[in-house]
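A short worksheet on the structure shown next.
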Amino acid sequence: MSTARSHWSTRFAFILAAVGSAVGLGNLWKFPYMAGANGGGAFVLIYLLCIAAVGVPIFIAELYIGQKGQKNAVASFEATHEKNTPWRCIGFMGLASAFIILSFYSVVGGWILDFSFKSIFNQFAGKSDEEVKGFLGALFESPWTQVGWHFVFMTGTVGIVLGGVRNGIEKWNKILMPTLFALLGVLFIYSFTLSGFSQSISFLFSPDTSKLTAAGVLEAVGHSFFTLSLGMGAIITYGSYLKKKEGLAKIAITVAFLDTLVALIAGVVIFSVVFTHGMEPGGGPTLLFQTLPVLFSKMTGGYILAVAFFLLVAFAAFSSSVSLLEVAVAYWVETKKKDRVRTTLLIGIVIFGIGVLSALSTNVLSDVKIFKFTFFDLFDKLTSSIFLPLGGVLISLFYGWVLGPKAIEESLSLGKKPSLMKIGLLWTTRVLAPVAVMIVLVKGVMDF
């Protein structure tokens with residue numbers, strides 16, 4: 001069996017894949033309701049600063065570790081440092097994070113598929129507000145429906161990863177990502193025609209610091225880190241499929257820019273719809289599954305808008321889930337010398353099985369609590385509040401202090417000549433980024 005490492009066919013192919021990993025439910029679901037709950041413009045400003053000061057530096061660090069190591073998320077730490085280095089524990093933590101996250105992310109992906117199905121068959125039309133809002137509750141109460149959609153979502157994810165880097169992940173991202181951007185563009189153009197468009201622009205881009213709290217600032221820091229798929233081994237794994245000649249800084253900035261652009265455009269679209277109908281922007285997590293379906297049911301052209309929107313979110317969910325599964329598959333294929341097809345199928349089955357616990361957390365297992373959390377909430381809190389920020393802190397320290405100036409020079413392709421960029425990246429990864437993410441970690445532990 002050949003174990004030769006695959007590579008992306010072009011830099012553009014990698015950018016599509018990395019943007020696919022980064023652009024997910026965090027952009028189209030979490031960012032809009034977080035911005036809405038934290039006053040809009042002020043939150044967006046802090047978020048953009050955090051992307052630049054925290055997200056991009058750690059993204060470069062993960063890309064470098066993967067590209068330099070040319071191995072999976074665990075072995076790349078050994079390849080860039082030394083065999084059996086204790087720093088490889090970061091890789092194992094990322095592997096565990098990807099495994100656990102995908103188990104409940106697939107359940108949420110199933111919710112998206114369910115609402116996509118409802119929108120395609122026009123099930124929002126002719127219903128009262130309460131009936132439309134009740135779709136989410138009915139889904140939560142039905143174990144078989146949730147498990148069924150979870151199965152469909154995982155099957156789609158496994159099917160893409162089965163093809164490998166070029167024939168699977170790269171091929172499908174060349175379909176998913178252009179389609180996603182096309183749908184988002186259509187929705188953005190449509191939002192121009194809505195009376196709430198100007199109010200949406202003002203809400204998102206006119207900072208009002210009086211509405212921003214300390215908790216909101218921490219949410220901005222945390223989301224700037226999580227939105228780029230950091231701390232879960234995905235960017236290290238994808239970076240390992242990059243040829244060594246590829247420059248990293250421009251790639252990282254491009255991916256961060258596109259990821260942020262998607263979040264901002266999605267916010268404009270969503271709040272244009274919300275303000276057009278005189279509703280409050282701070283709708284919380286129900287914004288996607290209750291508020292928007294109600295509004296779509298009232299709008300002229302709401303059927304087309306609903307179909308386009310939920311397909312957009314479904315494509316984003318798939319592109320992210322693929323990167324999570326690839327973290328686990330790459331490790332077992334390379335480390336254990338296993339066949340990709342059988343490994344992908346086996347891991348997919350195991351993750352699906354674990355995900356069933358999350359699918360049943362809103363019904364059959366709703367009364368089963370561990371540390372006061374259902375299985376779904378436990379998996380979410382464990383990864384987002386502990387594993388991911390801890391991994392981010394350690395990756396930043398490993399890159400800034402252990403690999404040090406040489407890694408910075410190679411990442412920026414600037415040679416040994418001093419420059420503000422090198423100094424900035426060095427001390428951002430040594431001090432600023434780890435301190436910022438450590439605060440998020442401490443808060444997460446305290447809330448656990």
Side-chain angles (χ1 to χ4, degrees), residues 18 21-22 24 26-27 30-31 34 38 43-66 73 77 86-98 100-101 212-236 239 248 252-253 255-256 259-260 263 324 327 380-404 407-408 411 424-448:
S21 175
N27 302 72
K30 194 171 184 179
F31 174 79
M34 287 172 66
N38 289 286
F43 176 86
V44 171
L45 179 60
I46 298 297
Y47 172 74
L48 293 176
L49 291 173
C50 291
I51 285 284
V54 178
V56 170
I58 298 180
F59 193 93
I60 292 174
E62 292 205 15
L63 275 183
Y64 178 82
I65 293 166
F77 284 92
W87 290 98
R88 68 177 183 157
C89 70
I90 307 171
F92 284 116
M93 194 182 314
L95 181 65
S97 297
I100 297 170
I101 290 170
L212 188 64
T213 64
V217 172
L218 285 181
E219 283 192 329
V221 174
H223 194 60
S224 71
F225 173 78
F226 302 135
T227 189
L228 292 174
S229 295
L230 302 176
M232 58 187 73
I235 301 305
I236 293 176
L248 302 182
I253 292 170
V255 172
D259 175 74
T260 305
L324 291 168
V327 174
D380 182 15
K381 284 286 186 181
L382 188 64
T383 52
S384 64
S385 297
I386 298 178
F387 284 3
L388 296 189
L390 179 57
V393 169
L394 294 175
I395 286 168
S396 191
L397 294 175
F398 176 72
Y399 177 76
W401 290 100
V402 178
L403 301 182
I408 305 293
S411 298
L425 182 57
L426 178 65
W427 289 103
T428 297
T429 52
R430 281 184 170 184
V431 179
L432 180 59
V435 168
V437 180
M438 177 63 77
I439 294 172
V440 175
L441 172 61
V442 170
K443 183 180 184 298
V445 172
M446 292 174 63
D447 291 342
F448 202 85

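Below, all heavy atoms of this structure are taken into account, side chains as well, without hydrogens, waters or symmetry copies.
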### Task
Nearest 0.5 Å please: distance from the CG atom of L48 over to the CZ atom of F43.
10.0 Å
### Residue pair V445 / I386, side-chain heavy-atom distance below 4.5 Å
yes
### Side chain to side chain, L425 and Y399, heavy atoms closer than 4.5 Å
yes
### Query
How many angstroms lie between atom CG of L95 and atom SG of C89, to the nearest 0.5 angstrom?
12.5 Å
## Note on the structure
On a heavy-atom basis, the closest approach of V437 and P389 is CG1-O, 3.4 Å
### Summary
Nearest heavy-atom contact between N27 and A22 is OD1-O, 3.1 Å
#### Entry: V221 versus C50, closest heavy-atom pair with distance
CG2-SG, 3.5 Å
### Query
Would you call V44 and F31 a side-chain contact if the rule is heavy atoms closer than 4.5 Å?
yes
### A53 to T428 - nearest heavy-atom pair and separation
O-CG2, 3.0 Å
### Query
Does some side-chain heavy atom of F77 sit less than 4.5 Å from a side-chain heavy atom of I395?
yes
### Task
Identify the two heavy atoms, one from L426 and one from G404, that lie closest to each other, and give their separation to 0.1 Å.
CD1-C, 4.3 Å
### Query
Rounded to the nearest 0.5 Å, what separation is found between the OG1 atom of T429 and the CD1 atom of I58?
9.0 Å
### Message
Quick check: do L388 and I101 have side-chain heavy atoms less than 4.5 Å from each other?
### Response
yes
### Task
Rounded to the nearest 0.5 Å, what's the gap from CE on M438 to CG on L390? Could you check?
7.0 Å
### Query
How many angstroms lie between atom CD1 of I236 and atom OG of S229, to the nearest 0.5 angstrom?
12.0 Å
### Query
Okay, side chain of T227, backbone of H223: is any donor-acceptor separation there less than 3.5 Å?
no
### Query
Is a side-chain N or O of S385 found less than 3.5 angstrom from the main chain of L382, in a donor-acceptor match?
no
### Heavy-atom closest pair, residues A73 and V327
CB-CG1, 4.4 Å
### Query
Taking D447 for the side chain and G444 for the main chain, is one N or O donor matched with an acceptor at less than 3.5 Å?
no
### Query
Do F59 and V255 come within less than 4.5 Å of each other through their side chains, counting heavy atoms only?
yes
### Query
In Å, rounded to the nearest 0.5 Å, how long is the span from OH of Y47 to CD of E219?
12.5 Å
#### Entry: Non-hydrogen side-chain atoms of M93 and L394 separated by less than 4.5 Å
yes
### Task
Indicate yes or no for a side-chain donor-acceptor contact from W401 to the backbone of R430 under 3.5 Å, with no hydrogens or angles considered.
yes
### Message
Show, in sequence, the C-alpha distance, side-chain angles and deciding distance for V402 and L397, and conclude whether the side chain to side chain contact (heavy atoms under 4.5 Å, CB included) test is met.
### Response
CA-CA 7 Å; V402 178; L397 294 175; over 6 Å; no
